[in-house]
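To start, the structure itself, in structure tokens.
Basis for what follows: all heavy atoms, side chains included, without hydrogens, waters or symmetry-related copies. FYI, the numbering just counts along the sequence from 1. Whatever order the structure lists ligands and atoms in, that order sets their numbers, starting from 1.
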Amino acid sequence: MKARKMNRRQFLKTVTAGAAVVALPSRLATARRASSKPNILFIMADDHAANAISCYGSRLAQVAKTPNIDRIAAEGMRLTNCFCTNSICVPSRATILTGQYSHVNGVYTLADKLDPEQQNVARLLQSAGYQTAVIGKWHLKTDPAGFEHWNILPGQGRYHNPVMREKDHAKKTHEGFSTDVITDLSLEWLKTRDKTRPFFLMTHFKNSHAPWHFAERHADLYRDVEIPEPPSLWEDMSHRSPGSKDYGYTISGIQLSRMEKKNYATGPLETTGMDEKQKIKATYQKYLKDYLRCIAAIDENVGRLSDFLGTEDLETSTVVIYTSDQGLFLGEHNYIDKRWMYEESLRMPLLIRYPREIKPGTINDDIIINADFAPTFLDYAGRPTPSDMQGRTFRANSRGRTPPDWRVSMYYRYWQHCSRPAHYGIRTKRNKLIFFYGLPLGAKGAEKKPTKAGWELYDLKHDPYELNNVYNHPAYAKVLKRLKAELLEKKAELGDTDDKYPQMLEIVRQHW
Ligand code: CA
């Protein structure tokens, strides 16, 4: 609450300052107002795991460098605990725009649409004097609302020669690799923008969503490199609850069988004569190499965007954010894909540069969620967080001034219930508690088949890779009790009550 009050104070200050310039000639007043509000360049990739950004220092950091993305962190802040509230493309994008959880904005699964009549941050920034644009992947099914300009891929879009649809225009095919095209279009818009107003540009890459195509120029990248395996590629799943252990998209299962097919996107994997272990190793190598080649195009294009800001002298007046709609498993737990509340899928990379406020090379481990983006953008625009947004601005955190009442845990819920079952849970800095409730609820497009229920508890201090579920361990009884209480409290506070699902009461009665 304290942060909200601070926002209002800041807001009043801005309003008062605004009143003082009323008497100035209007063009000067406009220019002065514009200079007090920074531009916001929000660069978002698709399924870009923090583990595949070298400044995050994972096992991949030595073999796959991302110098241009790392530069944002070196000149600004790297946040290490930014989490997605529902780790799947469409819902995360809706949360970023609305500042609301899925059960509030109505976008639970890939099958849901974002209602264009709903409030969203672009619309609010527009009313704060910003020129707004979104270019690239949109994926929210309805046309973007609140954007003066948009040029989007239909659905997932294509990697090569993408078809795009611009506001008030027919579809058009753009020659080239999608990440290069999306950057070209972003730069074109920036060059022709109205320079008397601050801008809010969302540049959304299609990279690095499956199936992983790459630009021709990256075809030989990593050819003779052995990509390090994660220890959990060979995880013994017997520690897992019945709620998770028999489900999931794996390297040894679906990814191997996809890659053996003749029509696999980057050519088939030849496995003749290999035993099972060799097949898994080969699948992992090909999966990672395709994926990292796909990432290489993002890194180059982030460099182009940064260079443009430098050339145009926009570096100090622009907040640059780099993130991804959620994380991705790169063979950890033998998994591909996302959706689960496990670390690699839950964590979003988050780098932010704003030289006027953020000290270069700083690191922050506060718990941030994707619902915090919209309130933060509004804070930069001098606007308070609307009462219907559930996130909080992290502007103060990025200046090294974390509000004393900042959240100590975050609530997560994945609804889609397919081969990756629905679940909810809570993560603190130290622990994670997950409840797989085994039912398809509230979700269009969810499979109707129930799965097994189960609980999992992880001690992330001693077990950062989540290889030891300690839910039934007596030493954790007290922690478990406290986390269950906090989970219920957080769930109620966010209005995710389950009252409309009577079958849930029975599940909870049996398993809580
Ligand atoms: Ca995604």
Only to 10 degrees, please: what angle do the OD2 atom of Asp325 and the SG atom of Cys89 make about the Ca ion (ligand 1)?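 An angle of 100° at the metal.
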
Which atom, among the N/O/S set of Asp46, is closest to the Ca ion (ligand 1)?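 Restricting Asp46 to its N, O and S atoms, the minimum distance to the Ca ion (ligand 1) goes to OD1.
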
For the Ca ion (ligand 1), the closest N/O/S atom belonging to Asp47: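 Considering only N, O and S atoms, Asp47 comes nearest to the Ca ion (ligand 1) through OD1.
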
Note: [X]-[Y] ion pair, threshold 4.0 Å (strictly below):
{"X": "Asp379", "Y": "Arg392", "value": "no"}
{"X": "Glu343", "Y": "Arg427", "value": "yes"}
{"X": "Lys289", "Y": "Asp220", "value": "no"}

Strictly under 3.0 Å, is the Ca ion (ligand 1) approached by any N, O or S atom of Gln326?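 An N, O or S atom of Gln326 is closer than 3.0 Å to the Ca ion (ligand 1), so yes.
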
3.0 Å cut-off met by an N, O or S atom of His209 to the Ca ion (ligand 1):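 Here the distance criterion (N, O or S atom, under 3.0 Å) is not met by His209, so no.
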
Examine His103 together with Tyr108 and report whether their ring centres are nearer than 6.0 Å.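 Ring-ring flag for His103/Tyr108: false, centres at least 6.0 Å apart.
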
Identify, with sequence neighbours excluded, every residue that meets ring-ring contact (aromatic ring centres under 6.0 Å, His included) alongside Tyr424.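 Scan of Tyr424 (ring-ring contact (aromatic ring centres under 6.0 Å, His included), adjacent residues dropped) gives Phe435, Tyr437.
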
